[in-house]
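Only one structure is covered here, and it is reproduced in the block below.
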Amino acid sequence: FHYDVDGWCDSCYIPAGEFAMGAQGIDNPRHGVSLSPYWIHKTKVTNRMYALCVGVGVCSAPKPVPGAAVYTDPTYADHPVVGVDWEQANAYCGWAGGRLPTEAEWEKAARGLSAPTFPWGEANAACELANIGGCETSTTSVVAHPRGASSFGLLDMSGNVFEWVWDWYDGTYYANSPIQDPPGPNAGIYKVIRGSSFESDFSQAPSALRHYGGLT
């Protein structure tokens with residue numbers, strides 16, 4: 001998960017303004033959204049970063065994931081943390097002085113002002129751009145694919161691991177959401193998940209795709 005945070009040197013500034021959010025799917029019709037300016041962390045939260053929060057007693061340890069590296073193994077310190085549910089992700093962001101980005105904030109950071117299909121533009125997904133489609137058998141460093149960066153400089157917005165965002169999921173929300181700083185639905189059953197993982201098919205690389213999952 002990426003998170004909003006004000007003023008960190010390893011964060012990217014996203015200027016105020018409108019962008020075209022969504023595509024033409026059933027739950028993501030294309031529509032204009034205007035956002036206030038914000039900062040968002042350049043990479044996904046790493047094992048090293050999350051371990052600091054666990055070490056001070058604020059965050060709980062990730063759930064074991066079969067086949068995944070132990071998050072305290074220094075060999076994988078710069079890999080994205082896995083086995084973290086929405087509540088854990090939210091707790092980390094608060095400890096780090098930020099918050100989870102809204103779905104609209106995540107998508108603008110991933111697509112930029114021109115809103116191309118993929119973070120890097122219109123070129124089809126490929127192994128040199130993202131850890132997706134079986135290019136790797138597991139996670140990779142969060143800085144391993146600089147060629148796949150978004151126009152705002154964010155890395156891994158496609159591939160490696162999925163990401164939690166702030167919003168509750170509602171398949172009809174786009175049709176009724178406010179144009180300015182949409183906060184997401186007031187309640188729901190599932191939270192929105194964005195991005196894709198190393199296990200995702202290349203067809204899951206587009207930035208406008210929406211997924212959802214339970215809080216835990």
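Residue numbers run from 1 in the order of the sequence given.
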N47 and T72: CA distance, side-chain angles, deciding distance, side-chain contact (heavy atoms from CB on, under 4.5 Å) verdict = CA-CA 7 Å; N47 287 318; T72 53; over 6 Å; no
ask   = Please walk me through it: do S158 and I132 pass side-chain contact (heavy atoms from CB on, under 4.5 Å)?
value = CA-CA 8 Å; S158 180; I132 192 172; 4.1 Å; yes
query = Step by step, would you call Q204 with E199 a side-chain contact (heavy atoms from CB on, under 4.5 Å)?
reply = CA-CA 10 Å; Q204 297 298 299; E199 297 178 304; over 6 Å; no
message = Using salt bridge (charged side-chain N to carboxylate O under 4.0 Å, His left out), reason through E105 and R99 one step at a time and then give a plain yes or no.
response = CA-CA 11 Å; E105 289 170 340; R99 61 170 173 80; 2.9 Å; yes
ask   = Yes or no on side-chain contact (heavy atoms from CB on, under 4.5 Å) for I40 and L154, after CA distance, side-chain angles and deciding distance?
value = CA-CA 8 Å; I40 187 167; L154 275 80; 3.7 Å; yes
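To the nearest 0.5 Å, the span separating OG on S150 from CG on L155 amounts to 8.0 Å. Note: E18 CD to L113 CG = 10.5 Å, rounded to the nearest 0.5 Å. To the nearest 0.5 Å, atom SG of residue C59 and atom CH2 of residue W95 are 7.0 Å apart. Put simply, OH on Y13 and CZ on F152 are 10.0 Å apart, with the number rounded to the nearest 0.5 Å. To the nearest 0.5 Å, atom OG of residue S197 and atom CD1 of residue I193 are 11.0 Å apart. Summarising the geometry, atom CG belonging to D4 is positioned 9.0 Å from atom CD1 belonging to I14; distances are rounded to the nearest 0.5 Å.
Atom CG of N186 is surrounded by 12 or fewer heavy atoms from other residues, nucleotides or ligands within 6.0 Å. Summarising the local packing, CZ of F202 is surrounded by more than 12 heavy atoms from other residues, nucleotides or ligands at distances under 6.0 Å.
Salt bridge annotation for D10-K42: absent, with no cationic side-chain nitrogen under 4.0 angstrom from a carboxylate oxygen.
Residues F1 and V81 meet the side-chain proximity criterion, which asks for heavy atoms closer than 4.5 Å. Residues S11 and Y38 fail the side-chain proximity criterion, which asks for heavy atoms closer than 4.5 Å. Looking at P182 and V33, their side chains come closer than 4.5 Å, going by heavy atoms from C-beta outward. Residues Y212 and V192 form no side-chain contact, since every pair of their non-hydrogen atoms from C-beta on lies 4.5 Å or further apart.
In the hydrophobic cluster analysis, where Ile, Leu, Val, Met, Phe, Trp and Tyr join through side-chain heavy atoms closer than 4.5 angstrom, W106 is grouped apart from L100. When the side chains of ILVMFWY residues are joined at heavy-atom separations under 4.5 Å, either directly or via intervening members, I26 and M21 end up in two distinct hydrophobic clusters. V58 and V54 fall within a single hydrophobic cluster, where Ile, Leu, Val, Met, Phe, Trp and Tyr are joined by side-chain heavy atoms under 4.5 Å apart, directly or via other members. A chain of hydrophobic side-chain contacts below 4.5 Å, direct or via other Ile, Leu, Val, Met, Phe, Trp or Tyr residues, connects L215 to V84. Residue F118 is not grouped with residue M157 when hydrophobic side chains (ILVMFWY) are merged at heavy-atom distances under 4.5 angstrom, including chains of intermediate members.
Smallest separation of non-hydrogen atoms from G213 and W164: O-CZ3, 4.0 Å. The nearest pair of heavy atoms linking L129 to H145 is O-CB, 3.6 Å. Closest of all the heavy-atom pairs between P178 and Y173 is CD-OH, 3.6 Å. The nearest pair of heavy atoms linking P101 to V165 is O-CB, 3.3 Å. Closest approach of V161 and P80 over heavy atoms only: CG2-CB, 3.6 Å. Taking both residues in full, the closest heavy atoms of L35 and D181 are given as CA-OD1, 3.2 Å, listed atom of the first, atom of the second, then distance.
A donor-acceptor contact shorter than 3.5 Å is absent between the side chain of R111 and the backbone of F19. Listed for the W120 side chain is a donor-acceptor partner under 3.5 Å among the backbone atoms of A123. Under a 3.5 Å cut-off, the side chain of D167 and the backbone N or O of E103 do form a donor-acceptor pair. In this structure, R30 contributes its side chain and G22 its backbone to a donor-acceptor pair below 3.5 Å. A donor-acceptor pair under 3.5 Å is formed between the side chain of R210 and the backbone N or O of D170. Counting only distance, with no hydrogens or angles, the side chain of N28 and the backbone of A208 share a donor-acceptor pair below 3.5 Å. Here the side chain of S196 pairs no donor or acceptor atom with the backbone of A205 at under 3.5 angstrom. Checked by atom type and distance alone, the side chain of Y169 never pairs as donor or acceptor with a backbone atom of H211 at under 3.5 Å. D85 places a side-chain N or O within 3.5 Å of a backbone atom of Q88 that can act as its donor or acceptor partner. Checking side-chain atoms of E163 against main-chain N and O of H2 turns up a donor-acceptor pair under 3.5 Å.
With ring centers used as reference points, Y76 lies 6.0 Å or more from Y71. Taking the six-membered ring for Trp, W166 and W86 have ring centres closer than 6.0 Å.
Note: Y3 and Y92 have perpendicular aromatic rings, judged against thresholds of 30 and 60 degrees for the angle between ring planes. Ring planes of Y174 and H31: tilted class, angle from 30 to 60°.
Inspection of the D78 and S141 side chains reveals an N or O donor paired with an N or O acceptor under 3.5 Å. Side chains of N160 and T139: no donor on one and acceptor on the other come within 3.5 Å. Looking at E107 and S207, their side chains never bring a donor and an acceptor atom within 3.5 Å of each other.
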